[in-house]
Amino acid sequence: MTRKTGLLDNAGVDTRLAHLGYDPSSGAGFVNPPIVRGSTVLFPDTDTMMSGRQKYTYGTHGTPTTDALCAALNELEGSAGTLLLPSGLAAITVPFLTYLSPGDHALIVDSVYSPCRRFCETVLKRMGVEIEYYHPSVGADIISLIKSNTRLVHTEAPGSNTMEMQDIGAIAAAAHGQNPEIVVTMDNTWATPLYFRPLDHGVDISMHAATKYPSGHSDILMGTVSANAKHWKALDDMNTNLGLCGAPEDSYLILRGLRTMGIRLEHHQKSALTIAQWLESHEDVARVLHPALPSFPGHDLWKRDFKGASGVFSFVLKADSKDQFLPRGRAFLDALSLFGLGYSWGGYESLAVLVNLSDRRICTAPEEGPLIRLQIGLENVEDIQKDLEAGFAAVRAL
Ligand SMILES: *Cc1c(COP(=O)(O)O)cnc(C)c1O
C-alpha cells in the first residue's frame with residue numbers, strides 16, 4: 001500500500017477507484033489481487049501460532065482478497081472497518097443483531113427497504129425488541145421519539161421506492177445529543193459512498209447492498225457494513241460469533257466492479273435524469289419521484305448533502321380510479337421489451353417493477369395511480385425512452 005497511499009490523497013474519485021485497495025507491488029506485480037480460496041492457514045512454528053502475531057489465521061477472519069476490498073471500502077467510506085456479508089439484507093440484520101437486545105427500542109424510517117421491516121416484525125419482535133416507525137422528514141424532531149431504552153435509529157435516504165429524503169446530519173446529531181450510546185445506522189445503497197458518505201454526517205454505521213452498483217452486473221450478492229472507530233469492534237466481534245465472511249470470488253468481483261463504478265454511475269445519473277425530466281412533462285404521468293428534480297419535496301436536502309443521483313427512481317402513472325391502478329400498471333410493464341421486470345437494480349440493464357407499498361404505516365402509496373420504479377441502465381437513452389413510450393401506448397390502448 002505504501003506506494004499508493006500518498007499518491008491518492010488528493011486524487012479525483014475515478015483515479016482513487018482505479019487504484020484503491022490493492023498495491024500490485026505488494027504481490028507478484030499483477031494488477032489485481034489474487035483470489036485466495038482458503039480455510040486453513042499454516043503457521044511456521046508453535047510460537048507464531050500461540051502469539052497471535054500472524055496476520056492471517058483462518059479463512060473466516062480475512063484473506064488478501066477480502067482485505068483488498070475492505071481497504072478500498074474503508075477509504076471510500078472513511079470508516080475504521082468493513083464487514084463483508086452474503087447479501088445486502090445481511091448488512092442490515094447483522095448490525096441490528098449486534099446492538100438490539102430484549103427490552104430495547106429501535107426507531108426505523110417508514111420508507112425503509114421492505115425486507116428490513118420484515119426482519120424487525122419477525123426476528124426482532126420475537127426477541128422482545130420494541131420497533132417504532134418514524135416519518136422520513138422527522139429531522140431533529142427525532143428527539144421527541146427517543147426513549148430511555150432507545151438503542152438504534154435506522155435511516156435510509158432516499159427511501160426505497162418512494163424516494164423520501166432524510167436530514168441525516170440532523171437526525172444523527174439529535175440522537176447522539178440525547179444519548180451518545182444510540183447507534184445511528186444508514187442504508188446508503190442508492191447513493192453509494194461516491195454520492196454520500198454517511199460517516200461524514202454523523203452516522204455510526206453505513207450499510208450497502210454491494211449487490212447493486214458495486215457489483216454493477218447483476219451477478220453477485222454481497223452486503224457491506226462500514227463502521228466508525230467507536231462501533232467497529234462490536235460489529236467485528238458479532239460477525240466472528242455468527243461465523244460470517246465474504247466469499248473469495250465475490251469479493252474479487254466487487255472490487256473489480258468498484259474500478260468502473262464512478263463512470264457507470266455518471267452514465268446512470270445522466271440518463272435517469274433525462275428520462276425523469278421527460279416523464280415529468282408526460283401527459284400520462286401524475287408525478288415523478290426523483291430527488292434531483294427541483295419539483296421533488298426532498299430536493300433541497302439532496303442538493304445540500306448529496307454529490308449525485310444514481311439511476312433508480314419512481315413515477316406515478318395517471319389513473320382515474322383505484323380499480324384502474326393494477327390493469328394500467330400491468331399493461332405498462334408488459335409492453336416493455338428493453339426493460340426487464342426484476343427487482344435487484346444496480347446492474348447495466350434497465351429494469352421496471354410495479355411497487356407494492358402494502359406494508360407501509362406512514363409513507364403510504366400515492367393516491368393518483370400505480371407507482372412504477374425504474375432502474376435506468378447503461379443502454380442508449382433514446383432506446384430507453386422508446387421502450388417507455390411503448391408502455392404508455394399500451395396503457396392508452398386499454
Ligand atoms: C437491494 C437492497 C438491499 C438488499 O440487498 P440484497 O443483496 O438483495 O439482499 C438492501 N437495501 C436496499 C436499499 C436495497 O435496495
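Numbering of ligands and ligand atoms starts at 1, following listing order. By convention here, the first residue in the shown sequence is residue 1.
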Peer 1: Are any side-chain N or O atoms of Thr65 and backbone N or O atoms of Val36, one a donor and one an acceptor, separated by less than 3.5 Å?
Peer 2: yes
Peer 1: Taking the basic N atoms (NZ, or NE/NH1/NH2) and the acidic carboxylate oxygens, is any pair closer than 4.0 Å for Arg361 and Glu121?
Peer 2: yes
Peer 1: May I ask you to check whether Phe306 and Tyr195 place their ring centres under 6.0 Å from each other?
Peer 2: no
Peer 1: Are Glu280 and Arg287 close enough for a salt bridge, meaning some N to O gap below 4.0 Å?
Peer 2: no
Peer 1: With nothing but distance in play, are any N or O atoms of Gly88 less than 3.5 Å from an N or O of ligand 1?
Peer 2: yes
Peer 1: When you look for heavy atoms under 4.0 Å from ligand 1, do you find them on the side chain of Tyr343, its backbone, both, or neither?
Peer 2: neither
Peer 1: Does an N or O anywhere in Asp187 fall below 3.5 Å from an N or O of ligand 1?
Peer 2: yes
Peer 1: Just which atoms of ligand 1 are under 4.0 Å from any heavy atom in Ser87?
Peer 2: 7 (O), 9 (O)
Peer 1: Thr155 and Asp187: side-chain donor and acceptor closer than 3.5 Å?
Peer 2: no
Peer 1: Would Glu156 count as a contact residue for ligand 1, given that I'm defining contact as a non-hydrogen atom of the residue lying under 4.0 Å from a ligand atom?
Peer 2: yes
Peer 1: List ligand 1 atoms under 4.0 Å from Thr211, heavy atoms only on the residue side.
Peer 2: 6 (P), 7 (O)
Peer 1: Classify the contact between Lys212 and ligand 1 as side chain, backbone, both or neither, using a heavy-atom distance cut-off of under 4.0 Å.
Peer 2: side chain
Peer 1: In this structure, is the centre-to-centre distance between the rings of His61 and Tyr56 below 6.0 Å?
Peer 2: no
Peer 1: For His201 together with Phe196, are the ring centres under 6.0 Å from each other?
Peer 2: yes
Peer 1: Provide, to 0.1 Å, the distance between atom 4 (C) of ligand 1 and the closest protein heavy atom, together with that atom's residue and name.
Peer 2: Tyr113 OH, 3.2 Å
Peer 1: What part of Leu89, side chain from CB on, backbone N/CA/C/O, both or neither, has a heavy atom under 4.0 Å from ligand 1?
Peer 2: both
Peer 1: Closer than 4.0 Å to some heavy atom of Ala209 - which atoms of ligand 1 meet that?
Peer 2: 2 (C), 3 (C), 4 (C), 5 (O)
Peer 1: Spell out, as yes or no, whether a donor-acceptor pair under 3.5 Å connects the side chain of His299 to the backbone of Pro291.
Peer 2: yes
Peer 1: State the atoms of ligand 1, each with its element, that fall below the 4.0 Å cut-off from a heavy-atom position in Trp345.
Peer 2: 15 (O)
